[in-house]
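This report concerns only the one structure given below.
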Amino acid sequence: MKILLVILFISLSFANPSLGDLIEDVCRNSNNYKFCVKALRADPKSSSAVQKGLTRIMLQLSLAKAKNIYNEVLILLNQTEEAVLKQRLQICKDNYDGAVDHITSSIEYLDANDFFSAASFATDAVDDSSSCEESFTEPPIRKSPLKPKSDEFLHFVVITVTLIHLLDNL
């Protein structure tokens, strides 16, 4: 019995005392470690999630951001009377409608373990947001009322694309 305890003790001493924090491990591969960790830790489901679950959480957070921006655009469209700004906001409305659809599709493909398609649709959402913001830089230039929220959305989606690519490499 003592020999068995000694063997167990010795084997445990060579074992990694901690498998580490999956959130931190996953976020180290993202382009914005602190942002990634903060976003995932804010969701209580992330503490028990595996890597695919963390990726799904980021997609859901991205989807919520896209829906919020879309709804804000609708409000701004109703409040805006300036023709140029209204035109830019209409572009953003169309783009964020697309972003919502693209992220929804990305979640479906993630759930089906089609990581290539999931990454592709998430990347399309990045393009949607970028197109919205670029419309404000065309003459006559207008200041984007969505810029801070668009930037935050882009952080979420770019991190998510990285996480999807990590799943593809498992």
Side-chain angles (χ1 to χ4, degrees), residues 21-80 82 84-111 115 117-138 141-168:
D21 183 335
L22 183 59
I23 291 172
E24 289 184 13
D25 292 344
V26 166
C27 290
R28 272 190 195 90
N29 293 300
S30 74
N31 68 331
N32 193 333
Y33 171 80
K34 288 181 180 180
F35 188 91
C36 178
V37 169
K38 182 179 178 184
L40 286 172
R41 290 215 191 286
D43 189 310
K45 293 178 277 183
S46 66
S47 63
S48 61
V50 294
Q51 190 168 341
K52 182 178 174 184
L54 295 176
T55 305
R56 192 173 204 290
I57 288 168
M58 286 300 287
L59 275 168
Q60 290 171 322
L61 292 170
S62 298
L63 181 59
K65 297 287 180 193
K67 286 179 178 180
N68 286 340
I69 295 170
Y70 178 82
N71 289 330
E72 184 173 336
V73 170
L74 293 178
I75 292 167
L76 290 170
L77 273 168
N78 286 329
Q79 295 173 347
T80 302
E82 183 196 349
V84 172
L85 188 54
K86 206 167 195 70
Q87 177 190 29
R88 300 305 174 358
L89 289 169
Q90 184 60 49
I91 291 168
C92 291
K93 177 183 172 273
D94 295 342
N95 280 298
Y96 275 100
D97 185 42
V100 167
D101 289 343
H102 288 131
I103 294 172
T104 300
S105 294
S106 183
I107 291 170
E108 291 169 2
Y109 282 111
L110 177 75
D111 290 346
F115 304 127
S117 296
S120 179
F121 277 95
T123 301
D124 288 343
V126 170
D127 294 340
D128 292 328
S129 179
S130 296
S131 294
C132 165
E133 287 304 316
E134 287 171 9
S135 74
F136 289 97
T137 64
E138 296 173 10
I141 295 173
R142 295 292 183 267
K143 183 178 179 191
S144 169
L146 306 168
K147 181 80 169 124
K149 289 183 180 183
S150 292
D151 288 348
E152 184 179 45
F153 172 74
L154 284 173
H155 285 303
F156 274 96
V157 182
V158 169
I159 289 169
T160 302
V161 171
T162 302
L163 298 182
I164 294 169
H165 285 300
L166 291 173
L167 287 171
D168 206 20

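For reference, positions follow the sequence shown, starting with 1.
- Between R28 and Y33, the closest side-chain pair of non-hydrogen atoms falls below 4.5 Å.
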So L167 and L110, side chain to side chain contact (heavy atoms under 4.5 Å, CB included) or not? Walk me through it.
-> CA-CA 9 Å; L167 287 171; L110 177 75; 3.5 Å; yes
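- A heavy-atom distance below 4.5 Å is not found between the side chains of F121 and E108.
- When only modelled atom types and interatomic distance are considered, Q90 and D94 share a side-chain donor-acceptor pair under 3.5 Å.
- Panel note: side chain K93, backbone Y70; no donor-acceptor pair is recorded below 3.5 Å.
- Inter-residue side-chain proximity for E24 and R41 is flagged as met; some heavy-atom pair is nearer than 4.5 Å.
- When side chains are defined from C-beta on, I159 counts as touching L163, because their heavy atoms get closer than 4.5 Å.
- A donor-acceptor distance shorter than 3.5 angstrom exists from the side chain of T162 to the backbone of V158, with no hydrogens or angles considered.
- Heavy atoms from other residues, nucleotides or ligands lying under 6.0 Å from NZ of K45 number 12 at most.
- Sorted by first and then second residue, the salt bridge (charged side-chain N to carboxylate O under 4.0 Å, His left out) pairs involving residues 51-61 (not counting sequence neighbours) are R56-D111.
- Between F35 and F156, a ring centre-to-centre spacing shorter than 6.0 Å is recorded.
- A donor-acceptor pair under 3.5 Å is absent between the side-chain atoms of T80 and the main chain of E82, judged by distance alone.
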Where do L146 and S150 land on the side chain to side chain contact (heavy atoms under 4.5 Å, CB included) test, with the steps shown first?
-> CA-CA 6 Å; L146 306 168; S150 292; 3.8 Å; yes
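- A donor-acceptor pair under 3.5 Å links the side-chain atoms of S46 to the main chain of D43, judged by distance alone.
- Here S135 pairs with R88, I91, C92 under the side chain to side chain contact (heavy atoms under 4.5 Å, CB included) rule; sequence neighbours left out.
- From K86, atom NZ reaches atom CD of Q79 across 9.5 Å, with rounding to the nearest 0.5 Å.
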Chi angles and distances behind the side chain to side chain contact (heavy atoms under 4.5 Å, CB included) call for M58, L54 | CA-CA 6 Å; M58 286 300 287; L54 295 176; 5.9 Å; no
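- S120 and Y109 share no donor-acceptor pair across their side chains, judged by distance under 3.5 Å alone.
- Taking both residues in full, the closest heavy atoms of S131 and N95 are given as CB-OD1, 3.6 Å, listed atom of the first, atom of the second, then distance.
- Atom OH of Y96 sits about 12.5 Å away from atom CG of N71, to the nearest 0.5 Å.
- With hydrogens and angles disregarded, a donor-acceptor distance shorter than 3.5 Å links the side chain of S105 to the backbone of D101.
- Interatomic distance, Q87 CD to E138 CD, rounded to the nearest 0.5 Å: 8.0 Å.
- Side-chain contact check for F153 versus I69: some heavy-atom pair is nearer than 4.5 Å.
- Considering all non-hydrogen atoms of both residues, L166 and V26 come closest at CD1-O, 4.1 Å.
- No side-chain heavy atom of K65 sits less than 4.5 Å from a side-chain heavy atom of L154.
- Here the side chains of D168 and I164 are not in contact, with every heavy-atom distance at 4.5 Å or above.
- Listed by first and then second residue, the salt bridge (charged side-chain N to carboxylate O under 4.0 Å, His left out) pairs involving residues 119-128 amount to none (not counting sequence neighbours).
- Proximity of V161 to H165: side-chain heavy atoms (C-beta onward) are separated by under 4.5 Å at one or more points.
- Panel note: side chain S30, backbone C27; a donor-acceptor pair is recorded below 3.5 Å.
- Atom OG1 of T160 sits about 9.0 Å away from atom CD1 of I107, to the nearest 0.5 Å.
- Heavy atoms only, all atoms of each residue included: I103 and A125 are closest at CG1-CB, 3.7 Å.
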Stepwise side chain to side chain contact (heavy atoms under 4.5 Å, CB included) check, K149 with N68 = CA-CA 9 Å; K149 289 183 180 183; N68 286 340; over 6 Å; no
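- Side chain of S129 to backbone of V126: no donor-acceptor contact under 3.5 angstrom is found.
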